[in-house]
Amino acid sequence: MMRDPEFGPIRLRAFGNFSIKVKYPPVFLREIVGTNGRFGIEQINDQLRDMATSRFTDVLGSSKIAALDLAGNYDQLAGYIRDKIQPDYAAFGMELVKFVVENISLPPEVEAALDKRTSMGVIGNLQAYTQFQAANAIGDAARNPGGLAGAGAGLGAGDGDRAAIRPGTQYAARPATGRCCGSAAPGTGSRGGI
């Protein structure tokens with residue numbers, strides 16, 4: 001965890017590697033091997049890695065480098081960590097030869113949230129973007145005549161006749177015109193199309 005100036009408390013993952021060598025064999029034998037007649041580097045690997053992780057966390061927290069700026073500062077961080085951890089390894093008769101920060105990343109869920117935030121920043125004015133998206137959706141719906149949007153538009157076209165299908169509506173009688181259903185002349189009895 002680190003406190004980022006922009007995001008607040010944030011969890012990071014770091015990957016890298018380091019190389020050590022035995023610089024003072026008598027100290028190494030006394031501190032690490034001791035009375036153990038059989039000894040291998042794998043036996044202290046976890047301890048060395050934990051020391052590196054602890055110092056890395058200290059350096060990262062005190063560096064005050066924003067999480068988004070870390071990628072441009074891997075070499076600088078590695079140098080700080082090398083200087084900070086060297087005395088720890090020297091106490092065991094070892095020297096830190098190389099320390100490389102390969103990657104510092106955010107957990108996937110934090111990356112997803114950051115991607116959404118970045119997308120919103122790219123969009124800019126959310127109201128204008130929403131209007132633009134709505135206009136595009138209307139155009140898409142118009143190009144899809146078999147879709148439900150076409151049915152909705154058809155219903156909307158009949159808004160003027162809404163009273164004709166609304167139950168419980170009182171209707172006034174229409175004055176007689178002498179024309180029935182579109183006949184050509186009043187009173188001729190000829191019917192037009194129904």
Side-chain angles (χ1 to χ4, degrees), residues 1-137 139-141:
M1 290 289 275
M2 76 174 257
R3 185 173 302 279
D4 185 78
E6 187 174 351
F7 301 120
I10 188 170
R11 186 176 306 275
L12 298 172
R13 299 176 302 172
F15 302 92
N17 62 63
F18 60 96
S19 300
I20 57 169
K21 72 177 183 179
V22 176
K23 188 170 184 178
Y24 303 105
V27 174
F28 179 78
L29 290 173
R30 184 179 62 246
E31 296 296 326
I32 299 296
V33 178
T35 59
N36 187 353
R38 297 184 67 196
F39 177 79
I41 191 69
E42 3 4 275
Q43 292 170 310
I44 65 164
N45 188 39
D46 289 342
Q47 183 178 358
L48 296 174
R49 188 180 61 236
D50 290 347
M51 288 169 52
T53 301
S54 176
R55 293 301 180 222
F56 179 82
T57 303
D58 290 346
V59 168
L60 189 61
S62 64
S63 72
K64 305 292 185 208
I65 299 173
L68 297 179
D69 297 331
L70 287 172
N73 292 289
Y74 288 169
D75 290 339
Q76 181 183 3
L77 283 170
Y80 291 155
I81 294 162
R82 202 172 22 256
D83 294 344
K84 184 106 172 165
I85 203 171
Q86 194 65 277
D88 294 337
Y89 286 173
F92 293 108
M94 297 180 290
E95 177 184 8
L96 181 63
V97 177
K98 180 174 80 171
F99 192 94
V100 177
V101 177
E102 294 174 355
N103 183 23
I104 301 174
S105 62
L106 302 165
E109 58 276 1
V110 176
E111 284 182 356
L114 183 60
D115 288 344
K116 286 181 184 176
R117 180 178 176 183
T118 302
S119 296
M120 295 306 296
V122 169
I123 290 170
N125 182 339
L126 185 58
Q127 183 177 1
Y129 178 75
T130 303
Q131 290 171 342
F132 175 74
Q133 290 293 86
N136 284 337
D140 291 345

Would one find more than 12 heavy atoms of other residues, nucleotides or ligands at under 6.0 Å from atom CZ of R49? yes
Stepwise side-chain contact (heavy atoms from CB on, under 4.5 Å) check, L96 with I81: CA-CA 10 Å; L96 181 63; I81 294 162; 5.7 Å; no
Over all atoms of both residues, closest heavy-atom pair of F15 and S105: CE1-OG, 4.2 Å
What one should report as the nearest heavy-atom pair of V101 and Y74 is O-CD1, 3.6 Å
Determine yes or no for a side-chain-to-main-chain donor-acceptor pair under 3.5 angstrom, with R13 supplying the side chain and L106 the backbone. yes
For the pair I85 and F56, evaluate side-chain contact (heavy atoms from CB on, under 4.5 Å) and give the outcome as yes or no after the intermediate values. CA-CA 9 Å; I85 203 171; F56 179 82; over 6 Å; no
Is any side-chain heavy atom of K98 closer than 4.5 Å to a side-chain heavy atom of V100? yes
Between L12 and A67, which heavy-atom pair has the shortest distance, and what is it? CD2-CB, 4.5 Å
S54 side chain vs D50 backbone, donor-acceptor pair below 3.5 Å: no
Drop me the distance from R55's CZ to L60's CG, to the nearest 0.5 angstrom. 14.5 Å
Quick check for you: to the nearest 0.5 Å, what is the distance between M51 atom CE and K84 atom NZ? 12.5 Å
Heavy-atom nearest pair, E31 first then A91, reads CG-O, 3.6 Å
Measuring only between side-chain heavy atoms, which start at C-beta, is N73 closer than 4.5 Å to Q76? yes
Minimal heavy-atom distance between R82 and F99, with the atoms involved, is NH1-O, 3.3 Å
I want to check something: taking the side chain as every heavy atom from C-beta on, are L77 and I104 in contact at a cut-off of under 4.5 Å? yes
Set out, in order, the CA-CA distance, both residues' side-chain angles and the distance that settles side-chain contact (heavy atoms from CB on, under 4.5 Å) for E95 and Y89, then state yes or no. CA-CA 6 Å; E95 177 184 8; Y89 286 173; over 6 Å; no
Which heavy atom of V27 sits nearest a heavy atom of F92, and at what distance? CG1-C, 3.9 Å
